[in-house]
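Atoms considered below: every heavy atom in the structure, side chains included; atoms not considered: hydrogens, waters and symmetry mates. The chains referred to below are lettered A, B, ... by the order of the sequence lines, with proteins before strands, and numbering in each begins at 1.
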Amino acid sequence: MRYVQALKIAIRSIFSNKLRSFLTMLGIIIGVTAVIALVSIGQGSTKSVTSQIQSMGSNLIMVSVMGRGSQASLTYEQAMTLKDGNYIKAVSPVISSNVTAKYGNNSVDSVMVNGVNSDYQAIRSIQVAEGRFISPMDDEGRNKVAVLGHNVATELFGFTDPVGKTIKLNGQAFTVVGVLALKGSSIAGSDDDAIFIPIKTMFYFDKNKNIRQIYIGASNPDTVEIAKNIINNHLLVVFKGDTSAFRIIDQSQILSTVNSVTTTLSLLLGGIAGISLLVGGIGIMNIMLVSVTERTREIGIRKALGAKKRDILLQFIIESLTLSGLGGILGIIAGYILAVTLGKAMNIDANPTLSTILVSFSFSVLVGLFFGVYPANKAANLNPIEALRYE
Amino acid sequence: MNSDKVLIKMRNLTKIYRIGQNEVRALDGIDLDIRKGEFVSIVGQSGSGKTTLMNIIGCLDTKTSGEYFLNGIDTSKLTDNQLADLRCSEIGFVFQNFNLLQRMTALENVELPMIYKGVPAKERRERAEMLLELVGLKDRMKHRPNELSGGQQQRVAIARALANNPRIILADEPTGNLDSKSGNEIMKIITELNERGNTVVVVTHDPNIAAQAKRIVRIKDGRILGNEVKAQ
Ligand SMILES: Nc1ncnc2c1ncn2[C@@H]1O[C@H](COP(=O)(O)OP(=O)(O)O)[C@@H](O)[C@H]1O
Ligand SMILES: [Mg+2]
């Protein structure tokens, strides 16, 4: 009853001064819009990064070798002994080098060439679009064959079918035996922009036999931890107990690192947006204080007619809640539109979640309450005589 | 009707305003009894303390010392909320400058005291319409104060003062802002209210207005000079 009446008074007072009410709400509107848009985009990009990492394959283990003293790397044979066929089903050392690739008059500078063995295909779940991937025979025979990532193939060949053609890598001729399907970029680098050659061919091509990076496939996702232990024990023997000589990471570790980064980022963005909400709240307080002064006489009249302190308090608090709540609703609408639009542009799913909407709305209402209490209290405590004398 | 019942009883009442070092004795030892159903005018020059006295009678302001009993209740023992309740149900104010809320229609202004009393919406509306009809504004209910003449605004204010059927009507210079014709109309309505049984106190500096009351209390420098009961 009292509340309904106070709400009516509040709505009337808000609508009797539309421009001012809108400007007052603007701070809250912008704040809520920013919170919803930024948090949703943060969540959207987290989701997309997460799914990219998961697409790396949950069996994947990566080993980086930093070395110890004179032993700075592994030999190919040392690396391949990790493959026990039980917990570890695939091992491919990788040696990378930057080259200039040429086909006829087409030339691409600084292309990543990866020397890998045939296991690499299974470890990274690589799809071949045309031809085939590197075979064990290519490796054993040190064949000068190359498999092209999707983008490299397009850049060098355009619409020509690359399979069977000869390309030159830093002037050396390689026969193209396959082209990979488009994969999209991922955290572990894009295969689309790389060229793959047999690792043993790479030894001579790059004059480098030192293995510093190994991709390993565990036999199934549940035995990744066991596989990591086996690898760890094995390498500890090789490096004489020096744990800092190598690093073993798997997909779930990358995921949790990335997640902690993106969570921090989301909180930061949300916090910045939250500050603008707070500024909006101060705007409300400012206008409410002006409004109390302007309506001093009204307050005096109401008190003379029997309004109690709490009636006046309620009237002004509800007015400030209505302002902030209305601003919150407009902010939700604007934030939703902004998040969805930006999400489309960035190609991520940035639709605001219900909890984002509810939290930012409650926050805006809380801001209205917090910054409304002081002016409302001031109004409620006005001396009726002074208020009636006020011109 | 028990016309001997004392509604307002003041003993040695003072009100002192302090402004820095200076004291203003706005009321200086007031003894006053007003019985139920009386029609009293309080008359004095500007600055004599009439408004101050009126505000204290209406529980809008509080005395500095002395005693004030309203309907037998010692007002100094009441809380802010109880005083607000008294203003709401027992007292109807009529001000010199009408003091209507500009953003509301005549009808809504009259409903206001009933809102604070918690009267249900339908009853409130019906009673407000009835009261506006009583003061002759049946066709002006939806008008806002700035669409009404001074006399009409004061009639809305009187209807509002009657909203919760208070025992006491307090009018502070009710004709002060009006031409003599509307002033007379207002005094006629106020006189009728007294004839219907309301206790009425009118504050004025105008002897002609004061003369319309049944009893005249003269006040000067915050003191009561004399009491003059008119023969009926
Ligand atoms: N709030 C106040 N502060 C200080 N002095 C006041 C205040 N209200 C009234 N006064 C003083 O008290 C005296 C009586 O004022 P008031 O009751 O308004 O007189 P009247 O209504 O008879 O003109 C005047 O001298 C006035 O200046
Ligand atoms: Mg006065």
Exercise. Does a side-chain heavy-atom distance below 4.5 Å link B/R160 with A/I301?
Worked result: yes
Exercise. Should the heavy atoms of other residues, nucleotides or ligands under 6.0 Å from CD of B/E192 be counted, would the total exceed 12?
Worked result: yes
Exercise. Got B/L60 and A/L388 here, is their nearest side-chain heavy-atom distance under 4.5 Å?
Worked result: yes
Exercise. Of all heavy-atom pairs between A/G306 and B/Y116, which one has the smallest distance, and what is that distance?
Worked result: O-CB, 3.9 Å
For this session: Give a yes or no on whether B/F39 atom CZ has more than 12 heavy-atom contacts from other residues, nucleotides or ligands under 6.0 Å away.
Result: yes
For this session: Locate the shortest heavy-atom distance separating A/R302 from B/L101; write the atom from each residue and the value.
Result: NH2-CD1, 3.6 Å
Problem set entry | CD1-OG1 distance between A/I385 and B/T52, expressed to the nearest 0.5 angstrom | 8.0 Å
Problem set entry | Heavy-atom check, side chain of B/R103 versus side chain of A/R295, under 4.5 Å | yes
For this session: Measure distances from B/L100 to the heavy atoms of chain A and classify the residue's part below 4.5 Å as side chain, backbone, both or neither.
Result: backbone
For this session: Considering only NZ, NE, NH1 and NH2 on the basic side and carboxylate oxygens on the acidic side, decide whether B/E108 and A/R12 come within less than 4.0 Å.
Result: yes
For this session: Using non-hydrogen atoms and a 4.5 Å limit, figure out which bit of B/N97 sits close to chain A: side chain, backbone, both or neither.
Result: side chain
Problem set entry | A/K8 side chain near B/I115 side chain, heavy-atom distance below 4.5 Å | no
Exercise. Taking C-beta and beyond as the side chain, do A/K308 and B/D80 meet within less than 4.5 Å on heavy atoms?
Worked result: no
Problem set entry | Exceeds 12 heavy-atom contacts within 6.0 angstrom, atom CG of A/N347 | no
Exercise. Looking at CE of B/M104 and CD of A/E298, how far apart are the two atoms once the value is rounded to the nearest 0.5 Å?
Worked result: 6.5 Å
Exercise. Under the side chain to side chain contact (heavy atoms under 4.5 Å, CB included) criterion, do A/R389 and B/T51 qualify, and how do the steps go?
Worked result: CA-CA 11 Å; A/R389 286 161 64 101; B/T51 297; over 6 Å; no
Exercise. Hey, is NZ on A/K47 packed in by over 12 heavy atoms from elsewhere, all under 6.0 Å?
Worked result: yes
Exercise. In terms of heavy-atom contacts, does OH of A/Y374 have more than 12 from other residues, nucleotides or ligands at under 6.0 Å?
Worked result: no
For this session: Please report the closest heavy-atom contact between B/R87 and A/K303, naming both atoms and the distance.
Result: NE-O, 2.8 Å
